[in-house]
Amino acid sequence: MARTCVFCGGTPLTKEHVLPRWLRTALDPAMERARYIRFTNSSVHAHHAPLMNEQVRVVCAPCNNGWMNDLEESVRDFLPSLIRGTETRLDQVRQARLVTWSLKTMLMYQHTHGRKAQLVIPTSDYVAFFADRRPTRVMLGRVAYMNYPADDSVPLADTLCQGYSSTTGAAWISTLKVGCLVTQIVRAADFDERWQIEPFETFPSLRQIWPAAEPIAWPLPLAIPYEHMADLALPDSLDVRLVPR
């Protein structure tokens with residue numbers, strides 16, 4: 001367990017709800033929840049808990065009640081619609097807010113697991129996020145649509161994170177699913193300023209949101225079947241291409 005804030009190094013630590021309590025209005029209270037994390041190509045660590053009760057004690061009060069709370073409030077007017085699959089629109093401002101909130105939530109979910117699972121995402125990525133309050137230039141973000149679970153055979157919330165071997169720093173993919181909403185952040189290994197990551201290809205079921213792209217009408221025209229969640233979230237290799245800036 002962290003003894004100082006994972007973002008700023010401050011103390012004392014306070015409890016942070018991984019998902020904001022105001023999301024209860026967008027979720028079916030009768031359904032059980034589960035979330036998972038894979039931290040290597042050969043081993044899996046799974047964790048299950050009631051969705052809205054999940055808390056971690058890894059951030060200080062100024063972070064928890066300050067900029068992190070501001071992130072939650074920045075998505076409050078449209079996040080429930082994304083989760084329930086009702087009509088809304090993601091312009092570039094909302095795309096940036098959604099991917100930033102998603103990264104914060106993914107980082108908090110890391111701390112619902114043991115130490116080995118937490119090491120997938122290095123401390124340096126927490127520090128960079130605290131400094132910039134957004135994903136970095138070595139990250140890409142995208143959003144996908146899944147049908148709302150009909151019963152408990154499909155988790156209402158699902159998180160998966162996988163690391164990849166690299167000689168130039170951390171590389172990982174983290175995927176968060178809540179209801180109909182799936183967000184994914186791909187973190188490439190470090191590269192110098194002469195390069196940038198080639199943008200994702202656009203699909204009817206999958207759209208780029210970081211860097212922010214063209215406006216997106218929600219729900220997307222095609223849903224990804226839940227059976228394909230592992231294929232999306234846990235590919236065998238990190239297929240990221242660099243192009244000149």
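For the single chain, residues carry numbers from 1 onward in sequence order.
Remark: the backbone N or O of Ile173 is not paired with any side-chain donor or acceptor of Gln184 at under 3.5 angstrom. Listed for the Gln196 side chain is no donor-acceptor partner under 3.5 Å among the backbone atoms of Arg245.
Under 4.0 Å is where a charged nitrogen must lie from a carboxylate oxygen, and between Glu72 and Lys104 at least one such pair does. Looking at Asp132 and Arg134, no side-chain N of the basic residue comes within less than 4.0 Å of a carboxylate O on the acidic one, giving no salt bridge.
Looking at heavy atoms from C-beta onward, Pro135 lies in side-chain contact with Thr100 at the 4.5 angstrom threshold. By the 4.5 Å heavy-atom criterion applied to side chains, Ile121 and Trp172 are counted as neighbours. Taking 4.5 Å as the limit, some side-chain heavy atom of Cys60 sits within range of a side-chain heavy atom of Cys8. Side-chain contact check for Cys63 versus Phe130: some heavy-atom pair is nearer than 4.5 Å.
Side chains of Thr183 and Ser102: a donor-acceptor N/O pair is present below 3.5 angstrom, by distance only.
Under a cutoff of 6.0 Å and an axis angle of 45°, Arg187 and Tyr164 do not form a cation-pi pair. Geometric assessment of Arg207 against the ring of Phe203 yields a negative cation-pi assignment under the 6.0 Å and 45° thresholds.
The number of heavy atoms from other shown groups lying within 6.0 Å of CD (Glu214) does not exceed 12.
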*Go through the steps to decide whether Phe78 and Trp218 satisfy the test ring-ring contact (aromatic ring centres under 6.0 Å, His included), and finish with yes or no.*
CA-CA 10 Å; Phe78 65 91; Trp218 189 265; over 10 Å; no

